[in-house]
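Worksheet: the structure to be examined is printed underneath.
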Amino acid sequence: MCKTTLIIISLLVLLMGVAGVIPGWELATEPTWHAIAKIIVGAIGLIVAFSDKEKGAMSTTSPEEKTPETPPETPSETPPETPQT
């Protein structure tokens with residue numbers, strides 16, 4: 001969920017920056033430096049979102065999708081037989 005949210009917000013910021021840089025579009029009027037800053041921040045957000053290593057809270061797999069780990073083998077409860085001499 002966090003990764004998806006980061007991708008969506010980064011894309012929106014990136015598109016807002018592009019809309020501010022293109023002079024023919026009258027969708028946004030802002031200083032050029034501000035539009036360029038939005039493009040940089042949006043690109044960094046996308047890079048972070050796509051390079052996530054699935055550690056900790058930023059994991060993209062749900063608990064149902066994870067494969068269960070096999071429990072370690074426990075020794076049998078009866079001790080091994082020792083040869084009688």
Side-chain angles (χ1 to χ4, degrees):
M1 168 109 175
C2 293
K3 186 175 181 178
T4 305
T5 305
L6 180 61
I7 291 171
I8 291 171
I9 291 174
S10 298
L11 282 173
L12 287 174
V13 171
L14 186 70
L15 290 174
M16 287 169 53
V18 170
V21 169
I22 298 176
W25 284 5
E26 296 196 11
L27 296 173
T29 55
E30 60 184 342
T32 305
W33 68 268
H34 196 259
I36 291 173
K38 284 183 179 179
I39 292 172
I40 292 170
V41 168
I44 290 173
L46 287 174
I47 290 169
V48 168
F50 287 119
S51 66
D52 184 20
K53 304 249 189 239
E54 295 188 15
K55 279 185 168 181
M58 295 293 288
S59 178
T60 57
T61 57
S62 65
E64 295 84 28
E65 293 175 358
K66 292 183 181 178
T67 58
E69 294 182 17
T70 57
E73 291 185 26
T74 57
S76 62
E77 295 190 18
T78 58
E81 294 185 28
T82 57
Q84 302 260 339
T85 57

**Complete:** Applied to residues 35-45, the side chain to side chain donor-acceptor pair (under 3.5 Å) test, sequence neighbours excluded, yields Glu30-Lys38

**Asked** Looking only at heavy atoms, what is the nearest atom pair of Leu14 and Ile39, with distance?
**Response** CD1-O, 3.4 Å

**Request:** Please name the pair of heavy atoms, one in Ala35 and one in Gly20, separated by the smallest distance, quoted to 0.1 Å.
**Result:** CB-C, 3.8 Å

I'd like to know if [Y] and [X] are part of one continuous hydrophobic network [Ile/Leu/Val/Met/Phe/Trp/Tyr, side-chain heavy atoms within less than 4.5 Å].
X     : Y     : result
Ile9  : Ile40 : no
Leu11 : Val21 : yes
Ile7  : Val18 : yes
Ile44 : Leu6  : yes

